[in-house]
Amino acid sequence: MTFPLTQQGRLVEFRPEHAERIASWVDDNRQLLWLAPSTLPPLTPEKVRNWCNSGGRAYVYGEAAAVGELDPLQVLGYAELNRLRHDPNGWWIGHFVVDSQRRGRGIGRSVLRCLASAAFDGFAASNLCLVVFPENAAAIRCYESAGFRRVGEEFHRFGRLQSRHRLLRYDMSLDEWRAGKAG
């Protein structure tokens with residue numbers, strides 16, 4: 001599948017050699033909880049590689065100047081697209097993270113727009129969703145600026161202790177994606 005080139009970069013399939021760089025972006029245990037609640041600290045390249053074994057499609061986002069496959073040093077973001085179990089036309093975004101040194105520059109919004117294009121244009125999705133911890137204000141701003149809308153909340157249990165966490169759910173429909181592309 002060919003992904004569109006945005007002003008800042010392009011989405012390509014994740015390769016195992018990208019894992020070391022991605023693992024380096026998580027600075028503390030709170031960030032790891034927000035990114036991967038079921039992953040015990042510390043985040044290692046091996047744990048990043050294992051995320052991809054759950055049947056989803058893993059991608060990295062890199063600088064526009066990079067042609068073809070991305071060198072691990074050119075990677076700016078990582079995320080996965082996964083089919084929803086209860087909705088064959090629904091997809092969800094997981095493990096979404098941007099290089100910690102490059103956050104706040106619109107890269108996250110560009111990654112999300114590329115993921116939406118892959119889901120809606122490439123995989124014929126009717127809906128795309130994600131969940132976020134309510135305390136992660138920067139991520140919430142990013143999701144909303146990319147066109148996602150808050151539709152409710154969910155409660156999930158993570159980790160060995162099965163602690164219960166409240167998460168906010170954000171969605172984007174195919175019609176919303178089309179309207180955003182036109183506007």
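Start at 1 with the first residue, then count along the sequence.
Ring centroids of Phe155 and His165 are separated by 6.0 Å or more, keeping the two rings apart.
By the 4.5 Å heavy-atom criterion applied to side chains, Arg10 and Val12 are counted as neighbours. Side-chain atoms of Phe14 and Val75, non-hydrogen and from C-beta on, never get closer than 4.5 Å to each other. When side chains are defined from C-beta on, Trp177 counts as touching Arg113, because their heavy atoms get closer than 4.5 Å. Using a 4.5 Å cut-off on side-chain heavy atoms (C-beta onward), Val98 and Leu76 make no contact. For the pair Arg164/Phe158, no side-chain contact is recorded, criterion being any heavy-atom separation below 4.5 Å from C-beta on.
With 3.5 Å as the limit, one finds a donor-acceptor pair spanning the side chains of Trp51 and Thr39.
To the nearest 0.5 angstrom, Leu128 atom CG is 7.5 Å from Leu115 atom CG. To the nearest 0.5 Å, the span separating CD on Glu80 from CZ on Phe96 amounts to 12.0 Å. Within the model, atoms CG of Leu130 and CG of Asn82 stand 11.5 Å from one another, a figure rounded to the nearest 0.5 Å. Remark: Tyr61 OH to Arg102 CZ distance equals 10.0 Å, nearest 0.5 Å.
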Under 3.5 Å, which donor-acceptor pairs link side chains of residues 145-154 to any protein atom two or more places apart or in another chain?
residue	atom	partner	partner atom	Å
Ser145	OG	Arg109	NH1	3.2
Ser145	OG	Arg141	O	3.4
Ser145	OG	Cys142	O	2.9
Arg149	NE	Glu176	OE1	3.3
Arg149	NE	Glu176	OE2	2.3
Glu153	OE1	Arg166	NE	2.8
Glu153	OE1	Arg166	NH2	3.1
Glu154	OE1	His156	NE2	2.6
Glu154	OE2	Arg169	NH1	2.9

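Residues satisfying the salt bridge (Lys or Arg N to Asp or Glu O under 4.0 Å) test with Glu144, not counting sequence neighbours, are none. Looking at residues two or more places apart in sequence or on another chain, you find a side-chain contact (heavy atoms from CB on, under 4.5 Å) between Glu135 and Trp34, Phe133. Partners of Val97 according to the side-chain contact (heavy atoms from CB on, under 4.5 Å) rule, which considers only residues two or more places apart in sequence or in another chain, are Ile22, Trp25, Leu35, Tyr78, Arg103.
Legend: salt bridge (Lys or Arg N to Asp or Glu O under 4.0 Å) pairs involving residues 29-53, not counting sequence neighbours, sorted by first then second residue: Glu46-Arg49.
In this structure, the side chain of Arg83 engages the main chain of Pro88 through a donor-acceptor pair within 3.5 Å.
Leu84 shares a hydrophobic cluster with Trp92; the chain of contacts runs through ILVMFWY side chains whose heavy atoms sit under 4.5 Å apart.
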